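In this text, all values refer to a predicted model and were calculated from it rather than measured experimentally. In each ligand, atom 1 is the first atom listed, and ligand 1 is the first ligand listed.
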Amino acid sequence: MEGLTSQVFSRNVRLLKSRASRYAVYGTLIALSAIVLGTLLVARYQYGELSLDSVMRAQQENAALWLLDIMPFVFAFWGQYVSSIMAYEAGAMVVDQTSDLRAQTTALEYETIHGTTHDALTDLPNRVLLRDRVVQALMIAQRENTRLALLLMDLNEFKEVNNTLGHYNGDRLLKQVATRLQGVVREPATVARLGGDEFAILLPKIAGPESATDVARKVLRALEAPFTLEGLTLGIQASIGITLFPEHGNDVDALQQRADVAMYIAKRDKSGVVVYSPKLDQHSPQRLTLMGELRHAISNNELVLHYQPKIDTQNARITEVEALVRWQHPSHGLMKPDDFIPLAERTGLIKPLTLWVLNEGLRQCALWERNGIKLGICVNLAAPALLDPELCDTVAGMLAAHEVAPERLILEITESTIMSDPARALQMLTRLAGIGVRLSIDDFGTGYSSLSYLSKLPVSEIKIDKSFVMDMITNDKDAMIVRTTIDLGHNLGLKVVAEGVESEEILARLKTLGCDAAQGYYIGYPLSETNFASWVKQTGWSTS
Ligand code: C2E
Ligand code: MG
Ligand code: MG
């Protein structure tokens with residue numbers, strides 16, 4: 001910094017001095033030339049000859065020449081004067097520039113420090129600063145024998161907002177959430193954004209779990225009022241997990257990890273707020289450990305497929321099965337996909353997992369065919385798996401390897417998967433349809449996809465979400481949604497499947513409404529390969 005200032009200073013001074021001296025020299029030269037010329041003219045015309053004597057006389061007697069004689073001194077003085085003024089100006093310029101540079105450096109330093117400790121989107125403290133504050137707060141709490149609470153909050157369905165309304169609006173929503181959080185939580189508490197839709201609140205010197213729960217409930221209440229984005233009114237809910245020092249841990253990692261477990265339970269049970277307790281660990285297999293374990297589960301053959309039949313409503317024939325993955329975990333037992341698929345999606349493990357499911361499903365499909373049971377196989381595709389550029393070639397390769405006709409494979413994609421990147425999804429779906437694979441829109445009715453967009457997709461069926469089907473006998477609104485969706489599907493030239501068919505009555509109603517296919521516990525539960533084989537032998541549904 002010092003070096004830069006002195007460089008600027010000497011450059012300015014040099015520049016100005018050279019300009020000032022140049023003009024002083026010019027002036028002096030002009031003045032000297034004027035003296036010489038004037039003296040010669042006076043000597044020649046006033047004294048009649050050009051001699052040393054006449055030149056001397058001219059200089060002694062002519063008052064105008066005396067005036068000219070002072071000129072070089074005037075110019076020399078003027079040059080000195082101007083250069084000192086300029087040097088002064090240069091000094092002033094340097095001072096200005098220095099203070100300007102200093103101000104810029106301070107701003108940059110502040111920005112750098114602020115940038116490493118604050119979240120760029122919401123300007124809230126980030127993970128790093130939160131950690132620091134928790135460490136400080138823990139030291140104070142230990143010293144003063146007080147408690148502190150850490151709240152972790154995650155927005156429910158934020159992914160849907162991002163996927164449907166775009167990341168720009170997702171970001172706007174996060175900013176609004178941040179503002180509301182700051183409104184609820186005051187100093188000395190810290191509100192931080194940990195990333196994505198995850199926020200944390202540190203409450204130092206808290207009386208007990210009740211006070212922490214109170215704050216959490218206030219936060220949820222603050223989020224209750226609808227958010228406005230692009231003229232749309234959105235209701236956003238959140239799940240909060242709470243841990244306390246000293247009850248649940250005495251370091252940042254323990255508190256954060258356990259708050260994460262509590263938050264996970266709050267989300268799963270849709271209970272809003274959950275205070276950590278050790279017994280939660282049994283229900284929420286520790287997610288962090290799970291991530292590592294899932295990686296091995298794929299290669300260790302711990303994953304298994306269960307098959308759930310799907311029937312043609314008109315002739316009660318089993319046409320296809322849906323392959324539903326489970327994880328035979330060495331200590332947690334048989335785990336449902338909801339407990340590890342979201343995790344796999346977050347960690348990039350979903351691609352190898354999906355390839356495993358595809359391969360295993362096709363192998364089973366080919367095996368059944370050799371045993372005389374001809375069934376289509378439905379496989380669920382999550383967004384990262386669908387958007388994998390190699391998917392289409394891999395699928396084509398697997399179909400060939402297992403000698404399964406492409407139309408026997410049905411890939412199920414949810415609306416939100418498509419909307420996560422509509423252009424690329426359309427491209428991938430078109431390629432898949434191009435090799436003859438059938439495509440189905442799963443959980444239809446739960447996403448926010450636009451109908452005009454859906455009509456452009458090369459899909460062959462929609463699968464009405466079970467939430468509408470399960471209650472359609474008792475709930476008129478659900479019945480109406482099911483009826484309208486069936487008509488809509490048919491008008492778009494698509495086959496319509498209902499999932500969640502739990503009773504004979506639902507199946508009969510669906511048949512009347514013209515729904516093409518049905519899947520659900522009434523027809524058959526998802527069963528392991530062996531159980532499915534024995535079930536098929538004695539089921540009332542036909543297989544041929
Ligand atoms: P999904 O694709 O909508 O699968 C249907 C889910 O509904 C299955 O749950 C099934 O067991 C359940 N179900 C079927 N019939 C009924 C019924 O009559 N009533 C009720 N209440 N539920 C019924 P599951 O096996 O727990 O799978 C949950 C979700 O996990 C699946 O929803 C699917 O989105 C995902 N999933 C499963 N396997 C895979 C997979 O291999 N890859 C990916 N990406 N996702 C998978
Ligand atoms: Mg499905
Ligand atoms: Mg479904």
Side-chain angles (χ1 to χ4, degrees), residues 159 268 294 297-298 302-311 318 320-328 334-365 376-388 391 395 398 409-418 420 438-447 459 461-473 478 482 485 496-507 509-510 515 517-528 531-532:
K159 222 164 101 191
R268 192 194 64 185
L294 184 55
I298 303 171
E302 285 174 18
L303 297 183
V304 276
L305 284 187
H306 279 195
Y307 302 94
Q308 187 178 30
K310 202 162 135 184
I311 59 156
I318 306 170
E320 288 142 21
V321 290
E322 178 170 4
L324 295 160
V325 70
R326 273 100 182 88
W327 179 2
Q328 188 62 59
L334 195 68
M335 286 172 61
K336 288 284 207 141
D338 289 342
D339 289 333
F340 60 92
I341 292 282
L343 199 74
E345 284 185 30
R346 279 210 214 166
T347 52
L349 286 173
I350 193 74
K351 284 185 199 170
L353 184 143
T354 306
L355 295 185
W356 183 88
V357 173
L358 271 167
N359 194 52
E360 181 60 18
L362 289 173
R363 185 194 65 79
Q364 187 58 57
C365 182
I377 180 114
C378 309
V379 171
N380 294 285
L381 280 191
L386 172 70
L387 301 176
D388 176 7
L391 176 75
V395 168
M398 282 183 184
L409 175 65
I410 298 102
L411 296 177
E412 296 190 3
I413 305 112
T414 62
E415 287 169 89
S416 56
T417 290
I418 296 167
S420 68
R438 280 189 283 156
L439 302 166
S440 168
I441 299 185
D442 203 357
D443 304 343
F444 190 81
T446 56
V459 295
E461 69 170 40
I462 51 176
K463 212 167 168 186
I464 311 175
D465 190 64
K466 55 179 173 289
S467 59
F468 306 113
V469 178
M470 274 165 11
D471 299 328
M472 63 182 282
I473 301 295
D478 284 349
V482 171
T485 312
V496 182
V497 186
E499 61 173 27
V501 179
E502 293 188 346
S503 68
E504 188 177 3
E505 215 179 346
I506 299 177
L507 182 62
R509 178 76 70 87
L510 287 167
C515 187
Q519 174 182 351
Y521 295 161
Y522 173 67
I523 296 145
Y525 286 93
L527 296 170
S528 67
N531 290 346
F532 186 80

Taking side chain to side chain contact (heavy atoms under 4.5 Å, CB included) as the criterion, tell me which of I462, L381, I410 meets it with S440.
I410
Knowing that exactly one of D443, I413, D442, V357 qualifies, which makes a side chain to side chain contact (heavy atoms under 4.5 Å, CB included) with N380?
D442
What is the minimum heavy-atom distance between [X] and [Y], and which atoms define it?
X: G500; Y: I506; answer: O-CD1, 4.4 Å
X: A323; Y: V379; answer: CB-CG2, 4.4 Å
X: I350; Y: T354; answer: O-OG1, 2.6 Å
X: A498; Y: V469; answer: CB-CG2, 4.0 Å

Applying side-chain hydrogen bond (donor to acceptor under 3.5 Å, both in side chains) between Q519 and each of E499, K310, E320, E322, report the one that passes.
E322
For the pair E502 (side chain) and Y521 (backbone), establish whether a donor and an acceptor sit closer than 3.5 Å, ignoring hydrogens and angles.
no
Heavy-atom distance under 4.5 Å between the side chains of R326 and K336, does that happen here?
yes
Under-2.8 Å protein N/O/S neighbours of the Mg ion (ligand 3), ordered by chain then residue number:
D442 OD1, D443 OD1, E499 OE1, E499 OE2
When rounded to the nearest 0.5 angstrom, what distance separates CZ in F532 from OH in Y307?
9.5 Å
Distance dump, ligand 1 polar atoms to protein, N/O, under 3.5 Å:
unit_1, atom_1, unit_2, atom_2, d
ligand 1, 2 (O), E322, OE2, 2.9
ligand 1, 2 (O), N380, OD1, 2.9
ligand 1, 2 (O), D442, OD2, 2.8
ligand 1, 3 (O), D443, OD1, 3.0
ligand 1, 3 (O), E499, OE1, 3.3
ligand 1, 7 (O), K466, NZ, 3.0
ligand 1, 15 (N), Q308, NE2, 2.9
ligand 1, 18 (O), Y521, N, 2.8
ligand 1, 19 (N), E502, OE2, 2.5
ligand 1, 21 (N), E502, OE2, 3.0
ligand 1, 22 (N), Y521, OH, 3.3
ligand 1, 25 (O), R326, NH1, 2.9
ligand 1, 25 (O), R326, NH2, 2.8
ligand 1, 38 (N), V325, N, 3.2
ligand 1, 42 (N), N380, O, 3.4

Taking the Mg ion (ligand 2) as the reference point, name the nearest N/O/S atom of E322.
OE2
